[in-house]
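Inspection log for the structure reproduced underneath, given as C-alpha cells.
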Amino acid sequence: QVQLAESGGGLVQTGGSLTLSCTAAGRRNVRYSMAWFRQPPGKEREFVAGIIWSGDITDYTDSAKGRFTISKDAAKNTVDLQMNNLKPEDTAVYYCAATSAYYTRHSPGYYEHWGQGTQVTVSS
C-alpha cells in the first residue's frame, strides 16, 4: 500500500502560477508511475499529466501542454506539477494518483492509489 498526499493548492489570479506537490509514503519496493488528475465543480475527474516511474516519459492533456510541467524526484518520493499561465477553467480539486503499471493512462480507473486532493482556484 502507498499513501499519497497533495499540497500546494490555493487561490491565484489569472495568469499566475502554482506548484502542486505529491508525496508518496509506504511501499518502496514497487515502482509507481504517477499522474495528476483534476475534478472541476460539477464535472468528472479528468487526466492532466502523467510521468512513468523512471521519469523518462511524460504525458499531458491538450489543455496542459505548454503551461504545466510534471516532474519527479525519486530521492524525495515526490511528484510535482508546475502550473503556469493559469486560467479560470483550471479551477478544480487536483488529485495525485499512482499505478504500478509502467505507462500512465488517462482513465481514472487505471490507478490504484489516490490522494485526498488539493483545491486550486483561479480568479478572473
Side-chain angles (χ1 to χ4, degrees):
Q1 189 75 359
V2 62
Q3 293 81 42
L4 305 176
E6 303 95 338
S7 61
L11 174 64
V12 64
Q13 293 185 334
T14 295
S17 299
L18 279 176
T19 298
L20 306 182
S21 186
C22 174
T23 301
R27 296 181 66 183
R28 291 184 174 268
N29 59 338
V30 178
R31 294 168 173 168
Y32 289 99
S33 293
M34 308 290 291
W36 284 95
F37 282 75
R38 67 186 182 188
Q39 189 163 14
K43 296 185 178 181
E44 294 185 349
R45 197 168 296 189
E46 62 185 17
F47 176 85
V48 177
I51 187 167
I52 67 169
W53 62 264
S54 63
D56 294 341
I57 300 174
T58 57
D59 183 27
Y60 297 91
T61 191
D62 287 344
S63 63
K65 289 177 182 176
R67 300 189 300 130
F68 295 2
T69 303
I70 189 170
S71 61
K72 186 173 185 177
D73 187 329
K76 296 181 179 179
N77 241 16
T78 58
V79 175
D80 289 350
L81 184 68
Q82 171 69 42
M83 304 187 294
N84 298 323
N85 191 22
L86 284 162
K87 305 174 182 180
E89 51 263 42
D90 295 317
T91 295
V93 177
Y94 283 71
Y95 296 90
C96 178
T99 175
S100 56
Y102 183 75
Y103 290 107
T104 57
R105 292 286 187 266
H106 291 205
S107 172
Y110 186 73
Y111 296 83
E112 301 143 32
H113 307 286
W114 291 86
Q116 294 298 309
T118 185
Q119 177 70 47
V120 171
T121 303
V122 185
S123 63
S124 57

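Atom CZ of Phe68 is separated from atom OG1 of Thr61 by 10.0 Å, given to the nearest 0.5 angstrom. Atom CZ in Arg31 sits 12.5 Å away from atom OG in Ser100 (nearest 0.5 Å). Going from atom OH of Tyr111 over to atom NE2 of His106 covers 7.5 Å, rounded to the nearest 0.5 Å. In this structure, Leu20 CG and Trp36 CH2 are separated by 4.5 Å, a value rounded to the nearest 0.5 Å. How far OG of Ser63 is from CG of Asp90: 7.0 Å, rounded to the nearest 0.5 Å. For the atom pair OG1 (Thr69) and CE (Met83), the distance works out to 11.0 Å, reported to the nearest 0.5 Å.
Glu46 is linked by a side-chain hydrogen bond (donor to acceptor under 3.5 Å, both in side chains) to Arg38, counting only residues two or more places apart in sequence or in another chain. Not a single side-chain hydrogen bond (donor to acceptor under 3.5 Å, both in side chains) links Arg105 to another residue, sequence neighbours left out.
Tyr32 and Ile51 fall within the same hydrophobic cluster, where Ile, Leu, Val, Met, Phe, Trp and Tyr residues are linked whenever their side-chain heavy atoms come under 4.5 Å apart, directly or through other members. The same ILVMFWY cluster, assembled from side-chain heavy atoms under 4.5 Å apart, contains both Leu4 and Val120.
With hydrogens and angles ignored, the 3.5 Å screen pairs a side-chain donor or acceptor of Ser33 with a backbone N or O of Trp53. Judged by distance alone, the side chain of Thr91 and the main-chain N or O of Val122 form a donor-acceptor pair under 3.5 Å. Looking at Thr104, its side chain never comes within 3.5 Å of a backbone N or O of Met34 through a donor-acceptor pair. Between the side chain of Tyr110 and the backbone N or O of Tyr103, at least one donor-acceptor pair lies under 3.5 Å.
Across every non-hydrogen atom of Gln1 and Gln3, the tightest pair is CG-NE2, 3.5 Å. Of all heavy-atom pairs between Gln119 and Thr121, the closest is NE2-OG1, 3.3 Å.
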Steps toward side-chain contact (heavy atoms from CB on, under 4.5 Å) verdict (Tyr94, Glu6)
CA-CA 8 Å; Tyr94 283 71; Glu6 303 95 338; over 6 Å; no
Check the pair Arg45 / Trp114 against side-chain contact (heavy atoms from CB on, under 4.5 Å), numbers first and verdict last.
CA-CA 12 Å; Arg45 197 168 296 189; Trp114 291 86; 3.3 Å; yes
Worked check of side-chain contact (heavy atoms from CB on, under 4.5 Å) between Phe47 and Phe37
CA-CA 4 Å; Phe47 176 85; Phe37 282 75; 3.8 Å; yes
Start with the C-alpha distance between Lys65 and Asp62, add both sets of side-chain angles, then the distance that settles salt bridge (Lys or Arg N to Asp or Glu O under 4.0 Å), and finish with yes or no.
CA-CA 5 Å; Lys65 289 177 182 176; Asp62 287 344; 3.3 Å; yes
Could you give the side-chain donor-acceptor pairs of residues 8-17 under 3.5 Å, partners two or more places apart or in another chain?
{"from": "Thr14", "atom 1": "OG1", "to": "Ser123", "atom 2": "O", "distance (Å)": "2.8"}
{"from": "Ser17", "atom 1": "OG", "to": "Asn84", "atom 2": "OD1", "distance (Å)": "2.9"}

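With 3.5 Å as the limit, one finds no donor-acceptor pair spanning the side chains of Ser71 and Gln82.
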